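Below is one structure, written out as structure tokens, with a few remarks after it.
Here the structure is a predicted model, which is why all the values come from computation and not from measurement. In what follows, chains are A, B, ... by sequence order, proteins preceding strands, each numbered from 1.
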There are 2 protein chains.
Amino acid sequence: MRLQISQLSKETGVSIHTLRYYEKEGILPPVKRNEKGIRIYDTDDIEWIKFARCLRQTGMGIAEMKQFAQLVIQGEETKQERIRLLRQQNRRIKAQIEQLMSYTEVINHKIELYSLEEE
Amino acid sequence: MRLQISQLSKETGVSIHTLRYYEKEGILPPVKRNEKGIRIYDTDDIEWIKFARCLRQTGMGIAEMKQFAQLVIQGEETKQERIRLLRQQNRRIKAQIEQLMSYTEVINHKIELYSLEEE
DNA sequence: CTAACAGCTAGAGCGCACTCTATGTCAAGG
DNA sequence: CCTTGACATAGAGTGCGCTCTAGCTGTTAG
């Protein structure tokens with residue numbers, strides 16, 4: 001698959017502005033260009049964007065995503081470090097989920113209180 | 001319980017600045033003052049701060065928290081509306097949890113891929 | 001030919017939720 | 001007395017993650 005930026009934007013739900021911003025920030029390896037200087041995203045780029053969004057939406061910051069991207073660019077020998085970062089991210093997600101579950105109980109408790117007060 | 005701002009800050013983990021900011025924004029009903037103009041938070045205030053943090057940390061925005069606070073101030077007749085808002089918040093939390101769970105799977109999948117490539 | 005459109009860059013601007021600064025008052029301790 | 005420290009206010013500043021603008025090039029359709 002080879003997409004231009006607007007198609008990729010539709011495909012991923014990431015705005016054109018953000019796609020260029022991610023590249024500028026080094027979150028995306030420099031994307032190949034055609035002879036006109038237009039970005040052509042290949043399958044790997046597309047997969048990486050989707051994965052990057054997954055990291056982002058689970059609360060990873062831009063700086064850490066950049067760090068991860070740099071590791072990918074550096075190649076094979078950084079695999080262990082990448083696994084370490086991903087495991088850390090999963091631990092954070094786990095903590096988030098647990099926090100959310102406890103908060104949802106607090107809110108449920110409040111709803112019950114309100115309902116009981118109703119006389 | 002009657003606390004001054006620095007004690008409340010320690011009690012709740014919310015910074016002094018943020019406590020005053022919340023009050024200014026109307027997220028906190030105007031706090032009683034002593035004769036010197038110093039804020040004295042009572043048990044209700046303390047509970048409300050803790051609950052507000054719960055809303056905040058589950059992704060409710062400042063504007064909606066303010067709306068909720070205004071309903072509390074308006075009193076009994078807004079109870080149904082408050083319940084509605086809290087149920088909505090719980091639905092959002094549920095969606096967040098589901099999203100996080102699916103993303104954690106994606107990340108796990110990536111970790112496995114990395115581990116397999118290892119030869 | 002020209003207008004509409006898609007892309008490009010550099011850099012400015014924005015919204016949110018804080019967070020901090022400047023300046024001042026008041027009470028207690030050395 | 002005077003410094004220290006907790007509190008107060010109004011308003012400025014910050015960091016993050018976008019998001020948009022200005023001004024440009026090149027392609028395509030009428």
Table please: side-chain donor-acceptor pairs of residues 61-73 of chain B below 3.5 Å, with sequence neighbours left out.
{"residue": "B:Glu64", "atom": "OE1", "partner": "B:Arg92", "partner atom": "NH2", "Å": "3.0"}
{"residue": "B:Glu64", "atom": "OE2", "partner": "B:Arg92", "partner atom": "NH2", "Å": "3.0"}
{"residue": "B:Gln70", "atom": "NE2", "partner": "B:Gly26", "partner atom": "O", "Å": "3.1"}

Would you tell me if any nitrogen or oxygen in the side chain of [X] comes within less than 4.0 Å of OP1 or OP2 on [N]?
X       : N      : value
A:Gln4  : C:dA6  : no
B:Tyr22 : C:dC18 : yes
A:Arg39 : C:dC8  : yes

Residues in side-chain hydrogen bond (donor to acceptor under 3.5 Å, both in side chains) with B:Ser15, at least two apart? B:Thr18
Checking A:Arg82 now: which residues fulfil side-chain hydrogen bond (donor to acceptor under 3.5 Å, both in side chains) with it, not counting sequence neighbours? A:Thr78, B:Tyr114
Run the salt bridge (charged side-chain N to carboxylate O under 4.0 Å, His left out) test against [X] and tell me which residues pass, sequence neighbours left out.
X       : answer
A:Lys50 : A:Glu11
A:Arg20 : none
A:Glu98 : A:Lys94
A:Arg53 : none

With a 4.5 Å cut-off on side-chain heavy atoms, are B:Leu86 and B:Leu55 touching? yes
Kindly state each residue pair satisfying ring pair (Phe, Tyr, Trp, His ring centres under 6.0 Å) with at least one member in residues 1-47 of chain B, sequence neighbours excluded. none
Going by ring pair (Phe, Tyr, Trp, His ring centres under 6.0 Å), name the pairs with one or both residues in residues 82-108 of chain B, residues two or more places apart or in two chains. none
Closest to the 5' end of DNA chain C, once A:Lys24 and A:Ile16 are matched to their nearest nucleotides, is A:Ile16
Tell me: [atom1] of [X] to [atom2] of [N], nearest whole Å?
X       : N      : atom1 : atom2 : result
A:Tyr21 : C:dG11 : OH    : P     : 16 Å
B:Ile62 : C:dG15 : CD1   : C1'   : 12 Å
A:Leu19 : C:dG7  : CG    : P     : 11 Å
B:Lys66 : C:dC16 : NZ    : C1'   : 14 Å

I'd like the 5' and 3' limits of the part of DNA chain D contacted by chain A, with heavy-atom contacts below 4.0 Å. D:dG17 to D:dT27
Other residues, nucleotides, ligands: >12 heavy atoms within 6.0 Å of B:Lys10 NZ: no
Where along residues 42-58 of chain B does a heavy atom fall under 4.0 Å from DNA chain C? B:Arg53, B:Arg56
Grab the N/O contacts between the protein and nucleotides 21-27 of chain C below 3.5 Å, and write none if there aren't any.
{"residue": "C:dA27", "atom": "OP1", "partner": "B:Lys36", "partner atom": "NZ", "Å": "2.8"}

